[in-house]
Colleague: 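I am attaching a structure below and will ask some questions about it afterwards.
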Amino acid sequence: MVSGGGARLGLDEVPGRVRAAIEGILGAPVVAARSQPGGFSPGLAARLVLADGRRAFAKAVGVERNPDAPGFHRREIEVLSALPPDLPVPRLLGSYDDGDWVALVVEDVDGVPPAEPWRPDELARVVDAMAALADRLTPSPVPARPIATLDQEGFRGWRTLAAEPEAAAPLGPAVCRRLDELAAIEEGWVAAAQGTSLVHCDLRADNILLAGDRVVFVDWPHARVGAPWLDLLLLLPSAAVTGTDPERVWAAYPPAQAADPDAVTAVLVALTGFFLRQSLLPPPPNLPTLREFQRTQGEAAFRWLLARLG
């Protein structure tokens with residue numbers, strides 16, 4: 001289950017210039033701010049109520065909170081500002097960047113995340129919406145980084161561990177005895193993941209909102225261009241943690257039915273290696289539970305991987 005992994009800030013803890021910028025974007029004072037649970041933001045992530053009754057959602061973070069987080073906000077601003085307005089994605093209302101602190105303000109979606117453990121009806125609804133979104137985002141309507149950039153950002157966990165097998169010892173013998181095999185498969189994941197679709201790359205229950213009859217997909221800083229089936233593959237370990245059979249869901253997914261099974265397995269290998277390798281590292285600043293989350297995801301992905309490998 002996904003839980004809040006960041007040491008969140010309240011609006012009153014954000015520098016005055018940033019609060020003023022947020023209110024300037026909205027054109028009214030903020031009279032209430034409710035921090036949102038879930039996810040791994042080390043800064044502000046809050047639903048706002050304005051003096052005129054309107055609502056909005058704001059995120060803000062500075063480099064002293066976490067050196068990487070402002071860059072994530074900048075990338076999300078780029079993506080949201082370029083997406084077509086009729087997609088099931090929150091509309092960007094404005095942004096602020098002083099080189100240190102970055103903030104973005106989006107429309108507040110009146111919805112709730114899917115329940116965890118996942119309910120079959122909600123999972124089916126989300127998967128249908130993901131397939132429709134993948135169709136809309138193929139080819140990508142906006143410029144974005146290629147999926148291959150993830151190889152430099154950690155999707156080489158098995159190759160890293162195979163080069164230093166003693167570092168893998170905490171993961172247990174079932175993992176350690178397959179390091180070389182999985183490293184060899186991982187070598188091919190970039191070619192396997194190629195495509196022309198815009199892919200969210202970080203969908204979990206906490207990045208999805210059920211809003212009336214809509215499914216809305218939020219938090220887009222990790223978007224890349226790749227195969228249209230990637231988002232469900234990347235989501236399923238988080239659902240498997242709470243009891244969902246990932247292979248059953250995968251087999252029924254229309255974009256998956258056109259995918260090469262070996263390509264799918266190669267990407268699953270890389271995802272599993274990313275989670276398990278990252279789980280061994282010290283926690284990043286103000287993200288104290290991230291490594292535990294990654295270990296849990298990695299273990300669920302490893303179980304699915306073993307089933308696919310037979």
Side-chain angles (χ1 to χ4, degrees), residues 2-26 30 33-48 56-83 89-109 142-155 198-204 206-207 209 217-225 234 274 278 281-291 293-294:
V2 177
S3 59
R8 289 277 168 80
L9 294 177
L11 185 62
D12 59 348
E13 297 175 283
V14 172
R17 67 186 187 279
V18 182
R19 296 197 303 272
I22 290 171
E23 292 184 331
I25 290 167
L26 294 169
V30 175
R34 181 160 55 93
S35 186
Q36 296 303 290
F40 292 92
S41 170
L44 172 75
R47 280 179 157 156
L48 309 178
F57 184 86
K59 296 195 285 189
V61 73
V63 293
E64 69 268 24
R65 296 292 301 168
N66 182 287
D68 298 321
F72 294 152
H73 284 3
R74 291 186 182 104
R75 286 200 289 269
E76 183 169 20
I77 291 164
E78 292 175 1
V79 173
L80 292 182
S81 63
L83 283 175
V89 174
R91 183 168 55 94
L92 180 68
L93 303 178
S95 63
Y96 168 83
D97 189 343
D98 63 15
D100 177 359
W101 278 79
V102 181
L104 62 152
V105 183
V106 301
E107 64 177 332
D108 182 42
V109 177
V142 303
R145 294 173 297 162
I147 196 68
T149 59
L150 284 177
D151 195 63
Q152 287 76 48
E153 296 177 21
F155 270 52
L198 186 69
V199 186
H200 183 287
C201 281
D202 196 32
L203 285 182
R204 304 181 303 265
D206 60 307
N207 284 339
L209 292 172
F217 301 96
V218 305
D219 292 339
W220 285 81
H222 304 290
R224 288 170 171 82
V225 174
L234 300 176
F274 168 77
Q278 295 297 112
L281 302 177
N286 293 300
L287 294 172
T289 66
L290 178 61
R291 300 310 184 204
F293 165 81
Q294 290 171 330

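Computed from a predicted model, the values in this text were never measured in an experiment. If you read the sequence from its start, that first residue is 1, and numbering goes on from there.
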Colleague: Return the set of residues passing side chain to side chain contact (heavy atoms under 4.5 Å, CB included) with P283 (not counting sequence neighbours), or none when no residue passes.
Modeller: R291
Colleague: Testing the basics here: between P67 and P285, what is the closest heavy-atom pair and its distance to 0.1 Å?
Modeller: CD-CG, 4.1 Å
Colleague: Do L234 and L203 have side-chain heavy atoms sitting under 4.5 Å apart?
Modeller: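 No, every pair of side-chain atoms sits at 4.5 Å or beyond.
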Colleague: Looking at CG of L80 and CZ of R91, how far apart are the two atoms once the value is rounded to the nearest 0.5 Å?
Modeller: 11.5 Å
Colleague: Hey, does L44 have a side-chain heavy atom less than 4.5 Å from the side chain of I22?
Modeller: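 They are in contact (side-chain heavy atoms under 4.5 Å apart), so the answer is yes.
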Colleague: Less than 4.5 Å apart, side chain to side chain, heavy atoms only: is that true for R19 and V30?
Modeller: no
Colleague: Taking all non-hydrogen atoms of both residues into account, name the closest pair between L9 and P42 and its distance.
Modeller: CG-O, 4.2 Å
Colleague: Heavy-atom distance under 4.5 Å between the side chains of H222 and N207, does that happen here?
Modeller: no
Colleague: Decide yes or no for D202 and P221: does some side-chain heavy atom of the first lie under 4.5 Å from some side-chain heavy atom of the second?
Modeller: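 Not touching, per the 4.5 Å side-chain cut-off.
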Colleague: Suppose the criterion is side-chain hydrogen bond (donor to acceptor under 3.5 Å, both in side chains): which pairs have a residue in residues 59-69, not counting sequence neighbours?
Modeller: K59-E76, K59-D219, E64-W101
Colleague: Taking all non-hydrogen atoms of both residues into account, name the closest pair between V105 and I25 and its distance.
Modeller: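 The pair with the smallest heavy-atom distance is CG2-CD1, 4.0 Å.
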Colleague: Can you name the closest pair of heavy atoms from R47 and D108 and give their distance?
Modeller: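 Smallest interatomic distance, heavy atoms only, reads NE-OD1, 2.7 Å.
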Colleague: Which heavy atom of P70 sits nearest to which heavy atom of V61, and what is that distance?
Modeller: N-CG1, 3.6 Å
Colleague: Under 4.5 Å between any side-chain heavy atoms of F274 and Q294, yes or no?
Modeller: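 Contact flag for F274/Q294 side chains = yes.
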Colleague: Under 4.5 Å between any side-chain heavy atoms of L198 and L83, yes or no?
Modeller: yes
Colleague: So, do I77 and L92 sit near enough that their side-chain heavy atoms are less than 4.5 Å apart?
Modeller: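 SC-SC contact between I77 and L92 confirmed.
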Colleague: For the residue pair R75 and R145, what are the closest heavy atoms and their distance?
Modeller: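 So the two residues come closest at NE-NH2, 3.0 Å.
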Colleague: Report the distance from atom OG of S81 to atom CG of L104, rounding to the nearest 0.5 Å.
Modeller: 10.5 Å
